[in-house]
Amino acid sequence: MSNQTPHDWLNEHGDYLYRFALARLRDAHLAEDAVQETLLAAIQSRTYEGKSAPRTWLTGILKHKIIDLIRKQSREKPSEDLSQTVADEGVVDEFFNESGHWADRPQAWAAPDDELEQKQFLVILQNCMDRLPKKLSRLFLMRDIFEDDNQAICKELEISPTNAWVMLYRARMGLRKCLELHWLET
Amino acid sequence: MLTCKQASELISQSLDRSLTRSERWSLRFHLLICVACARFNRQLASIQAVMNKWLSDTEQDEHLQLPLQAKLRMTQALESEIAASRRRP
């Protein structure tokens, strides 16, 4: 154990952990819960051996706490349950015709170049994300956590990696279409 | 030969896992001959790039801090957890 106390963890890394959680959970209360649970788990685990920086170690715990919170939420709200995905199978098919060609070919966009355009693009992207089914936007936001260790995380969320790829695909199809409609207009 | 639907699925998955060699080759070939999928490929990449930048900007944004209330609550929770862990063998 380094000579840092749990209070140092809170003071030095609390804000960072909060931002990390807030970006992915998009809910201030849930993000606070995730940070608190992380610090408590860190005290209990006593596994910190100074091999990685405290922040890296704490972020590793936080990732699992974020997954935990999402799993709990999905239990409470079946519409957000990540493991229930079979029912809406037909959604993506509207983008393609029967022979597998694009029903509507993707329109050309100007990629957001300068800082101002990137900001505008981001605002539209966030709005588009809010229109996705919640479980899809959740998974899309957690994609980088998922990428780190997709076997373990799929197990925790009770989904198969294949299922997760299908959901990420649907999220991207929805986002891309939404951006096409709204980004092109600007 | 991939259909556009299959190609679009592989394009999305290529952002989440490494494609197999044969998937890579069939996708590469499809992208050479299909303007629509090549465009789709660039658009997904730019969505991902903007998302990644936003995540890392948010993580570095010093103005975004734990609310004071939450910090106080956590300090207390830590105190009691530390006391409890001292009592444990």
Side-chain angles (χ1 to χ4, degrees), chain A residues 5-7 9-11 14-20 22-24 28-29 31-32 35-36 39-40 43-44 46 92-93 95-97 99-102 105-109 111-112 118 121-122 125-126 129 140-141 143-144 146-147 150 161 164-166 168-173 175-176 179-180, chain B residues 1-17 34-67 69-86 88:
Chain A
T5 68
H7 294 292
W9 297 336
L10 175 59
N11 291 330
D15 291 330
Y16 173 83
L17 296 172
Y18 177 65
R19 293 192 291 263
F20 187 97
L22 188 62
R24 287 161 183 84
H29 288 292
E32 289 170 18
V35 175
Q36 177 160 332
L39 296 172
L40 295 179
I43 296 172
Q44 287 158 7
R46 306 182 207 179
V92 169
D93 288 335
F95 294 105
F96 298 94
N97 62 28
S99 54
H101 289 292
W102 291 96
R105 289 160 65 89
Q107 305 292 304
W109 302 338
Q118 281 174 7
F121 187 87
L122 187 60
L125 179 60
Q126 306 259 9
M129 205 134 49
F140 186 68
L141 280 165
R143 200 200 62 92
D144 60 336
F146 173 77
E147 204 175 23
N150 70 43
W165 293 323
V166 169
L168 288 168
Y169 173 65
R170 286 187 190 150
R172 292 188 180 109
M173 291 299 277
L175 285 177
R176 200 209 63 82
L179 281 161
E180 182 171 273
Chain B
M1 274 293 287
L2 294 177
T3 64
C4 291
K5 183 167 191 256
Q6 292 166 330
S8 70
E9 288 163 2
L10 285 183
I11 289 166
S12 173
Q13 288 182 26
S14 73
L15 297 166
D16 304 319
R17 66 173 175 97
C34 178
V35 180
C37 287
R39 184 178 285 159
F40 177 83
N41 185 34
R42 286 193 300 273
Q43 292 176 342
L44 285 203
S46 74
I47 292 173
Q48 198 60 59
V50 171
M51 273 302 298
N52 290 348
K53 183 171 186 307
W54 174 73
L55 284 174
S56 73
D57 285 352
T58 307
E59 283 161 22
Q60 307 306 327
D61 180 0
E62 308 252 312
H63 299 294
L64 204 55
Q65 295 178 347
L66 264 173
Q69 284 288 332
K71 248 179 208 166
L72 292 173
R73 200 181 60 229
M74 282 182 213
T75 306
Q76 285 176 347
L78 292 182
E79 297 283 356
S80 37
E81 182 58 36
I82 292 165
S85 74
R86 282 204 186 107
R88 284 195 289 267

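Residue numbers begin at 1 in each chain, while the letters A, B, ... track the order of the sequences.
Nearest heavy atoms, B/E79 versus A/H7: OE2-NE2, 3.3 Å. Heavy-atom minimum distance, B/K71 versus A/L10: O-CD2, 3.8 Å. Between B/P67 and A/E32, the closest heavy-atom pair is CG-OE2, 3.3 Å. Heavy atoms only, all atoms of each residue included: B/Q13 and A/W165 are closest at CG-CB, 4.0 Å. Annotation for B/A77 and A/Q36: closest pair CB-NE2, 3.4 Å, computed over non-hydrogen atoms. Considering all non-hydrogen atoms of both residues, A/S99 and B/T3 come closest at O-CG2, 3.7 Å.
Of the atoms belonging to A/Q107, it is backbone heavy atoms, and not side-chain ones, that fall under 4.5 Å from chain B. If you measure heavy-atom distances from A/R172 to chain B, the contacts under 4.5 Å come from both the backbone and the side chain. Only the side chain of A/F121 comes within less than 4.5 Å of a heavy atom in chain B; its backbone stays farther off. For A/D144, the part lying near chain B is the side chain, with the backbone staying farther off; criterion is any non-hydrogen pair under 4.5 Å.
No side-chain heavy atom of A/R143 sits under 4.5 Å from any side-chain heavy atom of B/M51. Using a 4.5 Å heavy-atom cutoff, the side chains of A/W109 and B/S46 are in contact. Proximity of B/L55 to A/R24: side-chain heavy atoms (C-beta onward) are separated by under 4.5 Å at one or more points. For the pair A/L141/B/W54, a side-chain contact is recorded, criterion being any heavy-atom separation below 4.5 Å from C-beta on. Between B/Q6 and A/F96 there is no side-chain heavy-atom pair separated by less than 4.5 Å.
Judged purely by atom type and a 3.5 angstrom limit, A/R19 uses its side chain to pair as donor or acceptor with the backbone of B/L64.
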Verdict with supporting geometry, A/L125 and B/I47, side-chain contact (heavy atoms from CB on, under 4.5 Å): CA-CA 8 Å; A/L125 179 60; B/I47 292 173; 4.0 Å; yes
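Rounded to the nearest 0.5 Å, atoms CG (A/L40) and OG (B/S80) are 7.5 Å apart. A distance of 12.5 Å separates CG of A/D15 from NE2 of B/H63, quoted to the nearest 0.5 Å.
Options A/R176, A/M129, A/H101, A/R105 differ in how many heavy-atom pairs under 4.5 Å they form with chain B, and the most are formed by A/R176. With chain B as the partner, the residue from A/L39, A/L175, A/L17, A/L122 showing the most heavy-atom pairs under 4.5 Å is A/L122.
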